[in-house]
Amino acid sequence: MSAFNVAKFGGTSVANFEAMSRCSAIIENNPHTKLVVSSACSGVTNLLVELANGVQESEQRALILKQLADIHHAIIDQLADPTQVEKEVHTILDSVASAAEAASFQSSKKLTDHLVACGELMSTHILAQLMRERGVNAVRFDIRDVLRTDDHYGRAEPQLDEIKRLAKATLVPLCQQNVVITQGFIGSDEQGNTTTLGRGGSDYSAALIAEAVEASGLEIWTDVPGIYTTDPRIAPKAAPIPEISFSEASEMANFGAKILHPSTLVPAIRHGIPVFVGSSKEPEKGGTWIRQEVENSPQFRALALRCNQTMVTLRSAKMFHAYGFLAKVFEVLAKYKISVDLITTSEISVSLTLDKTDTAGGAPELPQEARAELEELATVEVEHNLCLVALIGNQMETKGYAKQVFSTLGDFNLRMICYGASDHNLCFLVDAPVSKNVIQKLHEDLFE
Ligand code: ASP
Ligand code: MG
């Protein structure tokens with residue numbers, strides 16, 4: 001098959017008329033780009049989440065609705081022929097207003113998904129029209145007709161076979177004659193109800209769609225020129241990484257480098273699709289290529305930081321020399337659909353951190369019912385205000401590696417350490433107030 005590129009643009013990339021025009025230029029520059037996945041305009045999803053959580057005061061709701069209208073009007077007003085798009089966006093804004101009112105009485109995850117999906121539904125109307133006005137044969141496509149998921153609202157699971165089947169039937173033929181503009185983040189369940197893949201889910205959407213249409217490349221355009229050795233706002237000497245392996249990049253995404261949604265690389269790896277990450281603001285700066293095979297595999301590749309961690313520690317003398325204890329713990333966690341991130345065990349205790357990617361946001365909590373069931377097995381302690389530091393690299397089991405890392409950290413209190421399960425990462429929890437210092441010290445000693 002000939003080259004078929006999928007390009008995804010994040011919220012800041014489609015924040016206003018100029019930003020959207022830059023996206024269009026990037027698409028126009030690559031004749032292989034047939035499919036474009038867009039986020040909502042910057043800030044829009046946050047406002048919609050606020051409404052979905054239930055805003056009681058009608059004046060306050062009106063204020064948020066006005067902000068939403070303003071963001072979109074600022075772009076629409078610069079179009080040469082805004083009539084049709086304006087109508088479409090107004091219809092969506094009307095449905096936002098009535099859903100927001102409903103949410104003020106009673107919010108639900110289903111209603112939240114219905115509401116927050118509106119950001120992407122609006123941005124894609126505008127982007128498609130803007131591109132048509134630049135002479136591109138752009139058509140908007142409602143991805144809910146293809147991106148089938150289960151009904152786990154707020155964090156729906158894609159149904160891969162169904163997505164593939166639907167994409168082949170409708171999306172692929174459309175891409176033959178047109179540049180197709182569609183939504184990230186959203187999908188629909190079997191009943192046709194709108195679902196979302198969790199905050200930041202547009203990257204994941206783009207990868208799922210790229211897999212379904214058997215794309216040969218996936219570009220993720222955002223507001224940073226690729227992946228850096230760490231967040232340059234924390235360590236100013238952080239350097240760009242031109243090329244990185246799937247394994248290293250997956251560890252980075254998992255462990256909080258905010259550049260990619262953690263699930264993004266799963267479909268790309270499955271289908272062997274190289275992924276490019278770059279800045280739509282400065283495309284000339286290049287970016288990072290993520291692929292299966294890379295030329296360099298340094299011992300120290302990057303540092304990631306993820307805050308808002310919740311650590312749960314279970315202690316029980318019953319665990320001593322017993323079997324099946326952890327199985328029981330995980331049975332409870334599975335029952336409440338609680339995803340675990342890190343885990344360390346001793347003879348009589350187990351500590352784990354909770355994962356959180358739900359659309360509603362906030363620090364992960366151990367649900368009360370789950371806690372009660374766990375308390376039947378062990379004493380349960382829950383701690384917040386912790387950050388996870390992940391060091392990503394290669395051949396971490398090598399002699400001297402751990403010494404080099406831990407001697408750098410002599411002055412810090414490490415709360416939990418995970419080392420050895422993966423050859424590509426070493427991670428630990430630290431108290432939130434010192435987390436940035438930990439990153440700075442490690443970066444200075446191991447990377448600069
Ligand atoms: N608009 C959604 C969000 O802000 C999805 C995304 O941008 O990836 O989370
Ligand atoms: Mg994003």
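Atoms within each ligand, like the ligands themselves, are counted from 1 in listed order. All values below come from the heavy atoms of this structure, side chains included, with hydrogens, waters and symmetry mates left out.
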Item to check | Presence of salt bridge, Asp161 and Arg165, under 4.0 angstrom | outcome: no
Next on the checklist: Within the structure, is a non-hydrogen atom of Gly10 found at a distance of less than 4.0 Å from ligand 1?
Outcome noted: no
Item to check | Short N or O distance, Asp203 and ligand 1, threshold 3.5 Å exclusive | outcome: no
Next on the checklist: Assess, by modelled atom type and distance only, whether the side chains of Arg140 and Thr182 contain a donor and an acceptor separated by less than 3.5 Å.
Outcome noted: no
Checklist entry - What are the two closest non-hydrogen atoms of Ile75 and Ile126, and how far apart are they? => result CG2-CG2, 3.6 Å
Next on the checklist: Please evaluate residues Asp113 and Lys109 with respect to the criterion salt bridge (Lys or Arg N to Asp or Glu O under 4.0 Å), reporting the C-alpha separation (whole Å), side-chain torsions for both, the decisive distance (0.1 Å), and the verdict.
Outcome noted: CA-CA 6 Å; Asp113 275 1; Lys109 291 200 165 187; over 6 Å; no
Next on the checklist: Any heavy atom of His261 closer to ligand 1 than 4.0 angstrom?
Outcome noted: no
Checklist outcome for this item: Within 4.0 Å of some non-hydrogen atom of Arg199, the atoms of ligand 1 are 3 (C), 4 (O), 9 (O)
Checklist entry - What atoms of ligand 1 come within less than 4.0 Å of a heavy atom belonging to Phe185? => result 2 (C), 5 (C)
Next on the checklist: Pairing donors with acceptors under 3.5 angstrom, does anything connect the side chains of Glu248 and Asn394?
Outcome noted: yes
Next on the checklist: Can you tell me if the gamma sulfurs of Cys427 and Cys418 sit closer than 2.5 Å?
Outcome noted: no
Item to check | Distance flag, aromatic centroids of His72 and His90, threshold under 6.0 Å | outcome: no
Checklist outcome for this item: ligand 1 to Ser39, heavy atom cutoff 4.0 Å, flagged ligand atoms 6 (C), 7 (O), 8 (O)
Checklist entry - Has Gly119 got any heavy atom lying under 4.0 angstrom from an atom of ligand 1? => result no
Checklist entry - Would you say Lys8 and ligand 1 have an N/O pair spaced under 3.5 Å apart? => result no
Checklist entry - So, for Gln309 and Leu354, which heavy atoms are closest and what is the spacing to 0.1 Å? => result OE1-O, 4.5 Å
Checklist entry - Relative to the heavy atoms of Ser202, which atoms of ligand 1 are at a distance of less than 4.0 Å? => result 5 (C), 6 (C), 7 (O), 8 (O)
Next on the checklist: Using a plain distance cutoff, I'd like to know if Gly200 has any nitrogen or oxygen under 3.5 Å from a nitrogen or oxygen of ligand 1.
Outcome noted: yes
Item to check | Ligand-residue contact atoms, ligand 1 with Glu120, heavy atoms, under 4.0 Å | outcome: 1 (N), 2 (C), 5 (C)
